[in-house]
Asker: 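Mind having a look at this structure? Questions to follow.
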Amino acid sequence: QVQLVESGGGLVQPGGSLRLSCAVSGSISRTHVMAWYRQAPGKQRELVARITSGGDTTYKDSAKGRFTISRDNAKNTVYLQMNSLKPEDTAVYYCNVVATTDGGLRLVDVWGQGTQVTVSS
């Protein structure tokens, strides 16, 4: 079974920083894409940042210049460094990974449990 374990959320003041981590466990032959989504109450889930197996990154416009997605292949972990946080960044953040497993026989789309990020004074 492939699982994602998220950590790093919490309460921060506006302008503060948080670093989210998402560790992937299980048998995976290749990770195609790793991404962070977020969902605020009453709003749709939205893509915040994405990184491909080749290292290409994309960001939500409002996150550009403030957020950085990265990965550590040795630790099989993806990170989201969030700086200059704003109250509108408050949401539950979810890690998502699309990968092949079982020697490439299966394609999996797995979500983390979500971690709460609250930006408030």
Side-chain angles (χ1 to χ4, degrees):
Q1 183 179 359
V2 179
Q3 297 185 52
L4 309 181
V5 180
E6 299 166 321
S7 62
L11 173 64
V12 297
Q13 297 180 354
S17 299
L18 284 174
R19 188 192 190 198
L20 306 183
S21 299
C22 175
V24 183
S25 64
S27 181
I28 297 176
S29 61
R30 182 177 181 180
T31 299
H32 300 286
V33 60
M34 305 181 82
W36 288 95
Y37 291 76
R38 70 186 182 190
Q39 187 168 26
K43 296 185 177 181
Q44 294 180 298
R45 185 173 298 187
E46 62 182 1
L47 176 69
V48 179
R50 181 178 63 206
I51 186 167
T52 69
S53 60
D56 297 324
T57 59
T58 57
Y59 296 92
K60 175 180 172 64
D61 285 343
S62 63
K64 292 179 179 178
R66 299 189 299 125
F67 294 4
T68 302
I69 188 169
S70 62
R71 65 186 185 187
D72 186 330
N73 292 331
K75 296 182 178 180
N76 212 17
T77 301
V78 62
Y79 305 94
L80 183 67
Q81 178 67 46
M82 303 186 293
N83 299 324
S84 302
L85 284 163
K86 305 174 181 179
E88 50 263 43
D89 295 318
T90 297
V92 177
Y93 284 70
Y94 297 91
C95 180
N96 171 249
V97 59
V98 178
T100 54
T101 187
D102 295 335
L105 294 178
R106 293 195 297 119
L107 182 69
V108 295
D109 186 343
V110 186
W111 292 85
Q113 80 283 359
T115 184
Q116 177 70 48
V117 172
T118 302
V119 185
S120 176
S121 60

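Keep in mind that this is a model prediction, so the values were computed, not measured.
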Asker: Picking from Val92, Leu47, Val48, what satisfies side-chain contact (heavy atoms from CB on, under 4.5 Å) with Arg38?
Answerer: Val48
Asker: Quick check for you: to the nearest 0.5 Å, what is the distance between Gln81 atom CD and Leu20 atom CG?
Answerer: 8.5 Å
Asker: Treating Asn96 as the side-chain partner and Met34 as the backbone partner, does any N or O pair qualify as donor plus acceptor under 3.5 Å?
Answerer: no
Asker: What pairs of residues pass the disulfide bond (SG atoms under 2.5 Å apart) test when at least one of them lies in residues 23-53, not counting sequence neighbours?
Answerer: none
Asker: According to ring-ring contact (aromatic ring centres under 6.0 Å, His included), does anything in residues 94-121 pair up with another residue at least two apart or in another chain? List the pairs.
Answerer: Tyr37-Trp111
Asker: Determine the minimum heavy-atom distance between Trp36 and Cys22, stating which atoms define it.
Answerer: CZ2-CB, 3.6 Å
Asker: Can you sort out the partners of Ser25 under side-chain hydrogen bond (donor to acceptor under 3.5 Å, both in side chains), two or more places apart, ordered by chain and number?
Answerer: none
Asker: Holding to salt bridge (charged side-chain N to carboxylate O under 4.0 Å, His left out), I want the full list of residues that pass it with Asp56, two or more places apart in sequence or in another chain.
Answerer: none
Asker: Donor-acceptor pairs under 3.5 angstrom involving side-chain atoms of residues 2-13: please list them, not counting sequence neighbours.
Answerer:
residue, atom, partner, partner atom, Å
Glu6, OE1, Gln113, N, 3.4
Glu6, OE1, Gly114, N, 2.4
Glu6, OE2, Cys95, N, 2.1

Asker: Checking Arg106 now: which residues fulfil salt bridge (charged side-chain N to carboxylate O under 4.0 Å, His left out) with it, not counting sequence neighbours?
Answerer: Asp102
Asker: Got Ser17 and Asn83 here, is their nearest side-chain heavy-atom distance under 4.5 Å?
Answerer: yes
Asker: So, using side-chain hydrogen bond (donor to acceptor under 3.5 Å, both in side chains) as the criterion, who are the partners of Ser70 when residues are at least two apart?
Answerer: none
Asker: Show me the pairs that pass salt bridge (Lys or Arg N to Asp or Glu O under 4.0 Å) and involve residues 65-88, at least two apart or across chains.
Answerer: Arg66-Asp89
Asker: Sorted by first residue and then second, give each disulfide bond (SG atoms under 2.5 Å apart) pair with at least one member in residues 43-94; sequence neighbours left out.
Answerer: none
Asker: Return each pair, listed once, that meets ring-ring contact (aromatic ring centres under 6.0 Å, His included) where at least one residue sits in residues 43-83; pairs must be two or more places apart or across chains.
Answerer: none
Asker: Does Val33 sit in a hydrophobic cluster with other residues, and if so which ones, taking ILVMFWY side chains as linked at heavy-atom separations under 4.5 Å, directly or through other members?
Answerer: Val98, Leu107
Asker: Could you walk me through whether Val97 and Val78 pass the side-chain contact (heavy atoms from CB on, under 4.5 Å) test, one step at a time?
Answerer: CA-CA 9 Å; Val97 59; Val78 62; over 6 Å; no
Asker: Can you list everything that forms a side-chain contact (heavy atoms from CB on, under 4.5 Å) with Ala40? Sequence neighbours excluded, please.
Answerer: Lys43, Ala91
Asker: Looking only at heavy atoms, which two atoms of Leu18 and Leu85 are closest? And how far apart?
Answerer: N-CD1, 3.9 Å
Asker: Could you tell me which non-hydrogen atom of Ala99 sits nearest to which non-hydrogen atom of His32, and how far apart they are?
Answerer: CA-CD2, 3.7 Å
